[in-house]
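Okay, so here's the structure we're looking at.
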Amino acid sequence: MSKKIPLLVVTGPTASGKTQLAIDLAKHFDGEIVGADSMQIYKYMNIGTAKPTYAEMQGIPHYLIDFLEPLESFSVAQYVTLAKQTIDHIRARSKLPVLAGGTGLYISSLLNNISFEDIESDAELREELKQMAEEKGAEYLHEQLKTCDPSLAEKLHPNNLGRIIRGIEVFKITGKTMTELQEKSRETPSNYDACVLGLCYRDREKLYSRINLRVDKMFEQGLLEEAKKLLDDGLIGTASQAIGYKELARYFAGEESLIEAKESIKQETRRYAKRQMTWLRRDTRVKWLYVDEYSDYSKLHESSVKLINFTEI
RNA sequence: AGGGGUAUGAUGUAAUGGUAACAUGCCGGUCUCCAAAACCGUUCUUGAGGGUUCAAGUCCUUCUACCCCUG
């Protein structure tokens, strides 16, 4: 039985200051950063995803950031595979891997060592099922799922079409139920001795005003031009869901004024932050750092260092 | 100053005189395969006073606020 790999995780809602803290901690502990952000993986989406600039990285190597073409699709399964490899490489050089980002699903999938079987997706089947839902109603598909994977059907609300479709799809392709596959993946224990730091604000309003301010700054930095270029090439899949770009697409299509688009970007970002917090709250591993309880950044940095103690680094 | 109109949750709207509704937001939550996604739940309302009526968001009246027109 091999020893567990020490892994520092810095997470929290958007605009809470993860990026800077992660970089500073990487410097402090001789680490290297592995991104855990479903949008920063894409190239050219720099301003809108608040990707760290080269200067901000301060010479710390960053992985799984800025490496995919926006037209390429990506999934959690791929993320976990890549992240594992990357962490192994970092360990091979005796550096501390620092996982930094706000995509809760990516982080928990990695930490819980979830093994996603390589199940291809069938676009035709999906389209077919979607049509069926439109014609016969969402309830009907839910009934269908009940016949092939009753325990998954029980967990899913009939309106949750996307997951219902995936459940049926998995069964039709593999002949195994999603429930079965999930149980199997639960059997493998985690490889990591993880220390999870969660940044947060006691005062929600403070976080929200940071978000609003940051969106204004993004526009000053040229978000509009960046989005225009990307949208002209056409965004699809994961990247097309990114906040900032999808609202500006509505502006470019003439469906929304620029002011409206900017407001919806702020609102969507606030709601995203809220969902991130909901996700993180239930993870008992998280050690919370309330940013607004510290008079300045160096104090926050100091107490984050104190929270980190690996059996061996 | 005169005339007209409007007033319903945080916001936008609905309700032949008969249990005030819907959407959005906020807040809370679910989530092991697109997750910056998807889905679910709770909360919150008739501008103020008086009157008519068995019963008023609805009719009458005074006030207040806002909008439009005339000067």
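Sequence lines set the chain letters: A, B, ... in the order given, protein chains first and strands last, and positions in each chain run from 1. Computed over heavy atoms, backbone and side chain alike; hydrogens, waters and symmetry mates excluded.
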Quiz prompt | ring-ring contact (aromatic ring centres under 6.0 Å, His included) contacts in which one or both residues fall within residues 54-97 of chain A, not counting sequence neighbours | solution = A:Tyr79-A:Tyr106
With a non-hydrogen cut-off below 4.0 angstrom, is [X] in contact with a base, only sugar-phosphate, or nothing?
X	answer
A:Tyr42	nothing
A:Lys246	sugar-phosphate
A:Thr238	sugar-phosphate

Could you please name the option among [options] that lies closest to any side-chain atom of [X]?
X	options	result
A:Gln241	B:A35, B:C40, B:C27	B:A35
A:Gln182	B:C33, B:A37, B:A35	B:C33
A:Asn160	B:U30, B:A38, B:U32	B:A38
A:Ser185	B:C27, B:C34, B:U32	B:U32
A:Gln267	B:C40, B:C26, B:A35	B:C26

Quiz item: Can a side chain N or O of A:Arg204 be found less than 4.0 Å away from OP1 or OP2 on B:C27?
Solution: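 A:Arg204 to B:C27 OP1/OP2: side-chain N or O found under 4.0 Å.
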Self-check item: N/O (side chain, A:Arg275) to phosphate O (OP1/OP2, B:A35) under 4.0 Å
Solution: no
Quiz item: Using atom P of each nucleotide, how far apart are B:C60 and B:A7 to the nearest Å?
Solution: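 B:C60 and B:A7 have their P atoms separated by 13 Å.
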Quiz item: If you measure from the C1' atom in B:U70 to the same atom in B:G9, how many Å do you get, rounded?
Solution: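 Here B:U70 and B:G9 have their C1' atoms 37 Å from each other.
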Quiz item: Using Watson-Crick and G-U wobble pairs whose two distances are both under 3.5 Å, how do you write the pairing of RNA chain B as dot-bracket, with | for links to another strand?
Solution: (((((((..((((....[..))))..((((.......)))).....(((((..]....)))))))))))).
